[in-house]
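Values reported hereafter were calculated over all heavy atoms of this structure, with side chains retained and with hydrogens, waters and symmetry mates removed.
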Amino acid sequence: MTDNNTEKAIRTVEGRVISNKMDKTVTVLVERQVKHALYGKYVRRSTKLHAHDADNSCKEGDVVRVKEISPMSKTKNWTVVEIVNRAAEV
């Protein structure tokens, strides 16, 4: 018998904003290290996510934490939770 009160764990990841050209949407690059199956060396793998940024507060280069949500559009099913580090001003 299963318990109906159990909730699915909310997935959160950290990544770097690489584009904020869209309205209320940012592109976040999430990098992870994976061990190569044959050679055992750690290889860097990356994923680009579209995340909802309601008040357009993210700039390129910011490190942000995003969480998974129900789909908002064809490609956008993440939302920005917080800005961890601001990009250095030039």
Hey, any chance Leu49 and Ile83 share a hydrophobic cluster, counting ILVMFWY side chains that come within less than 4.5 Å of each other, even indirectly?
yes
Let me check something: do Val30 and Val17 share a hydrophobic cluster, defined by ILVMFWY side-chain heavy atoms less than 4.5 Å apart, either directly or through other members?
yes
Closest contact, heavy atoms only, [X] versus [Y]:
{"X": "Ala87", "Y": "Asp62", "value": "N-OD1, 2.7 Å"}
{"X": "Ile69", "Y": "Trp78", "value": "CG1-N, 3.8 Å"}
{"X": "Pro71", "Y": "Asn77", "value": "CA-CB, 3.9 Å"}
{"X": "Glu14", "Y": "Val63", "value": "OE1-CG1, 4.3 Å"}

So Glu60 and Lys21, side chain to side chain contact (heavy atoms under 4.5 Å, CB included) or not? Walk me through it.
CA-CA 9 Å; Glu60 285 187 23; Lys21 291 176 173 61; 3.3 Å; yes
Quick one: [atom1] on [X] to [atom2] on [Y], what's the gap to the nearest 0.5 Å?
{"X": "Arg32", "Y": "Arg45", "atom1": "CZ", "atom2": "CZ", "result": "8.0 Å"}
{"X": "Cys58", "Y": "Arg16", "atom1": "SG", "atom2": "CZ", "result": "13.5 Å"}
{"X": "Thr27", "Y": "Met22", "atom1": "OG1", "atom2": "CE", "result": "3.5 Å"}
{"X": "Glu31", "Y": "Thr47", "atom1": "CD", "atom2": "OG1", "result": "9.5 Å"}

Under 4.5 Å between any side-chain heavy atoms of Thr79 and Lys67, yes or no?
yes
Does some side-chain heavy atom of Asn56 sit less than 4.5 Å from a side-chain heavy atom of Asp23?
yes
What ring-ring contact (aromatic ring centres under 6.0 Å, His included) pairs are there with at least one residue in residues 7-46, not counting sequence neighbours?
His36-Tyr39
Main chain of Val26, side chain of Asn20: is a donor-acceptor contact present, judged purely on distance under 3.5 Å?
no
Check this for me: does any side-chain nitrogen of one of Asp53 and Lys24 sit under 4.0 Å from a carboxylate oxygen of the other?
no
Result of checking Ile18, Val28, Thr75 against Lys48 for side-chain contact (heavy atoms from CB on, under 4.5 Å):
Ile18
